[in-house]
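See structure below.
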Amino acid sequence: MRASARETALQVLTACRQGGAWADGALKSAIGKDRLAGPDAKLATHIVYGVMQNRILLDRYVGLCCSQRPEQLEPLLLDILRIGAYQILFLDRIPDSAAVNESVELAKAHGKARASGLVNAVLRKISREKDRPVELPAAQEERLSICYSHPRWLVERLIALLGAEEAEAFLKENNRPAPLTVQVNTLKTSVEELMGALRAEGVESERHPWLSDCLILSGTGNLASLTAFADGGFWVQDAGAKLAVLAARPHGTVIDVCAAPGGKSFAAASLMNGEGHIFSCDIHAHKLKLMEAGAKRLGIENMEPMLQDGRVLREDWLEAADTVLVDVPCSGLGIIRKKPDIRYKNPADLSGLPQIQRAILENAARYVNVGGTLVYSTCTILPEENEQVTEGFLRDHSQFSKEPFSLPLSQSETGELTLWPQRHGTDGFYICRMRRTDHD
Ligand SMILES: C[S@@+](CC[C@H](N)C(=O)[O-])C[C@H]1O[C@@H](n2cnc3c(N)ncnc32)[C@H](O)[C@@H]1O
């Protein structure tokens, strides 16, 4: 039974390595394709997330227990070793012998019968030595990088931003499960009613500590299979994302320039209580379908998904909107706890983002009417995608200025706020609220 969970996990790790897939999406489709359910689906998920969260540390163990360096091993074999090592080091309920044997079988099933001896020897050695603390380098950056499996460049950036102690707290938080926060669809139901409906389906829910219309769920299994979900009772949304919409106080004509999969537009619609109109734009046609389906499920009628590149001006929208949301594509380094593989993005691939973000902000700002609000947000914590983009924009546009805002969790006197998992319990998020005071 368990072998199929491990086989699925291996397929997912292979898809991520070879095809550039994201673990969460690849896992969801592999679990569906392999028809895993219950404990098998859970184990496959634990293994994939666990390997991603601990990859650098696991490779350290493999390296110490193998005559070859991890990077010299065939990638498939290394993935099999990581899967085995993760179970031995982190999953108490699986006997080490089972973790070793299943990994050996996995190697054989993938035509690596000759290498299965190596898998056996390395994993047995890891099992024997697992209680001895792994030797770590003295240098702080290197030590944190291995301990929490984050690439060295990111650890260095975090230490520069936060200092070593808080950087470590952030890294630790990234390897913990994030709470599953959902937003109650107040257009259709109430908090109490939804809690009752979830309970009837065996799902535990508790009120969010500081967002009155949000719940934290546990024991959900596949969310999409719940009747409460199909009935449009809620959508999944991190508290940080909800705060970005609260900071905008959306009303009247709203343009959400980077809207898919639609979470912030849904939150705006619910705050606007059926009034006004929301243009929910995205550059990818296939994502519009997601938003359309979401809006239909939630019974939102004043939201209009549209195919529109945020960098390209629509003349008919010039100074036409009361609220413009600019939730730009970003490095996503604030949501590592939900997408653990984001940490392994190549930093060189991130360097072009600020230019795209600035171009979208520049264009979107032209849609804001005088007196209207412009909110720029990201789910990252890097200043070059956050403060540096908004500062550059404000320097060149004196008709906009930052405006203080207050939120259930905290206030911002300066008009901008960075949220952090280790400080706020939310995803890492940046929010900047600006107001237009004059024409261009
Ligand atoms: C951070 S996500 C938005 C999340 C969304 N606001 C929500 O809360 O569900 C960024 C989105 O921007 C879209 N995007 C990327 N480049 C774009 C562009 N030039 N114009 C419009 N949308 C773009 C991506 O397809 C992606 O869906």
Side-chain angles (χ1 to χ4, degrees), residues 22 24-25 178 181-183 185 211 214 223 234-248 250 254-272 278-295 297-298 300 303-314 317 321 323-336 338-339 342 345 349-350 352-367 374-382 385-386 389 393 418-419 426-433:
W22 290 111
D24 55 348
T181 307
V182 302
Q183 162 75 51
N185 180 14
L211 285 172
C214 290
L223 263 189
F234 66 91
W235 68 94
V236 176
Q237 183 157 59
D238 185 76
K242 174 69 190 288
L243 290 179
V245 184
L246 286 176
V254 177
I255 302 177
D256 184 354
V257 293
C258 299
K264 294 190 187 66
S265 285
F266 301 154
S270 130
L271 287 170
M272 289 158 67
I278 305 164
F279 295 100
S280 304
C281 313
D282 205 275
I283 198 173
H284 294 299
H286 69 277
K287 294 190 181 181
L288 297 190
K289 296 213 167 56
L290 281 178
M291 288 198 280
E292 274 156 17
R297 182 179 66 82
L298 296 164
I300 295 171
M303 175 181 155
E304 194 178 335
M306 304 185 75
L307 189 62
Q308 179 67 32
D309 185 333
R311 297 164 296 190
V312 176
L313 182 67
R314 269 192 70 138
W317 283 354
T323 311
V324 175
L325 302 177
V326 190
D327 190 39
V328 287
C330 71
S331 60
L333 294 170
I335 55 168
I336 290 178
K338 293 185 183 147
K339 284 180 160 253
I342 277 189
K345 274 185 178 179
D349 295 343
L350 308 181
L353 284 169
Q355 206 188 344
I356 297 169
Q357 292 158 340
R358 174 73 186 261
I360 296 176
L361 178 59
E362 284 281 341
N363 185 50
R366 303 186 68 186
Y367 302 150
L374 174 66
V375 168
Y376 176 88
S377 58
T378 70
C379 56
T380 188
I381 41 68
L382 294 180
E385 297 181 65
N386 295 343
V389 172
F393 168 77
T418 302
L419 299 164
T426 63
D427 286 342
F429 232 90
Y430 171 78
I431 305 166
C432 180
R433 178 184 161 96

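Starting from 1, each residue takes its place in the sequence as its number. Ligands are counted one by one from 1 in listed order, and the atoms in each one are counted from 1 as well. Note that this is a predicted model, so its numbers are computed, not measured.
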Short list, please: which atoms of ligand 1 are under 4.0 Å from a heavy atom of D309? 18 (C), 19 (N), 20 (N)
For ligand 1 and G262, I'd like to know whether there is a polar contact (N/O to N/O, distance under 3.5 Å). yes
Could you walk me through whether V254 and F279 pass the side chain to side chain contact (heavy atoms under 4.5 Å, CB included) check? CA-CA 6 Å; V254 177; F279 295 100; over 6 Å; no
Taking non-hydrogen atoms only, is K264 closer than 4.0 angstrom to ligand 1 via side chain, backbone, both or neither? both
Is there a side chain to side chain contact (heavy atoms under 4.5 Å, CB included) between V236 and T181? Walk through the geometry before answering. CA-CA 6 Å; V236 176; T181 307; over 6 Å; no
Would you say the side chain of C432 lies within less than 4.5 Å of the side chain of S377, judging by non-hydrogen atoms? no
Note: ligand 1 atoms sitting under 4.0 Å from heavy atoms of I360 are 18 (C), 19 (N)
Counting neighbours of NZ on K345 that are heavy atoms of other residues, nucleotides or ligands and sit closer than 6.0 Å, is the number greater than 12? yes
CG of L271 to NZ of K264: how many Å apart, nearest 0.5 Å? 13.0 Å
Roughly how far, to the nearest 0.5 Å, is the CG atom of L307 from the CD1 atom of I283? 8.0 Å
Quick check on contacts: which atoms of ligand 1 are under 4.0 angstrom from a heavy atom of Q308? 20 (N), 21 (C)
Examine the proximity of ligand 1 to Q237 and report which part, side chain or backbone, both or neither, has a heavy atom under 4.0 Å away. neither
In terms of atom number and element, which parts of ligand 1 are under 4.0 angstrom from non-hydrogen atoms of V328? 1 (C)
Closest to atom 17 (C) of ligand 1 among V257, I283, I335 (heavy-atom distance): I283
Which of the listed options, G263, C330, A260, holds the heavy atom that is closest to atom 4 (C) of ligand 1? A260
Heavy-atom contacts with P261 under 4.0 Å: which atoms of ligand 1 show up? List them by number with element. 9 (O)
Presence of salt bridge, K338 and D427, under 4.0 angstrom: yes
Quick one: does C281 get within less than 4.0 Å of ligand 1, heavy atoms only? no
shortest atom 25 (O) of ligand 1-to-protein heavy-atom contact is with D282 OD1, 2.7 Å
For a 4.5 angstrom cut-off between non-hydrogen side-chain atoms, does M306 reach S280? no
Check each atom of ligand 1 against the heavy atoms of H284 and keep those under 4.0 Å away; list them by number with element. 25 (O)
Distance-only side-chain donor-acceptor flag, D256 / S265, under 3.5 Å: yes
What do you reckon, does D256 have a nitrogen or oxygen under 3.5 Å from a nitrogen or oxygen of ligand 1? no
To which protein heavy atom is atom 10 (C) of ligand 1 closest, and what is the distance rounded to 0.1 Å? D327 O, 3.6 Å
Whether the E385 and S331 side chains hold a donor-acceptor pair (N or O, under 3.5 Å, no angle test) is what I'd like checked. yes
Do T378 and N386 have side-chain N/O donor and acceptor atoms under 3.5 Å apart? yes
Heavy atom of the protein closest to atom 15 (C) of ligand 1 (residue, atom name, distance): P329 CG, 3.5 Å
Can you name the atoms of ligand 1, numbered from 1 with element, that are less than 4.0 Å from a heavy atom of G310? 18 (C), 19 (N), 20 (N), 21 (C)
Are A259 and ligand 1 in contact, using a heavy-atom cut-off of under 4.0 Å? yes
Quick one: do I360 and V326 satisfy side chain to side chain contact (heavy atoms under 4.5 Å, CB included)? Show the steps, please. CA-CA 8 Å; I360 296 176; V326 190; 3.9 Å; yes
Atom 12 (O) of ligand 1 has as its nearest protein heavy atom C258 CB, 3.3 Å
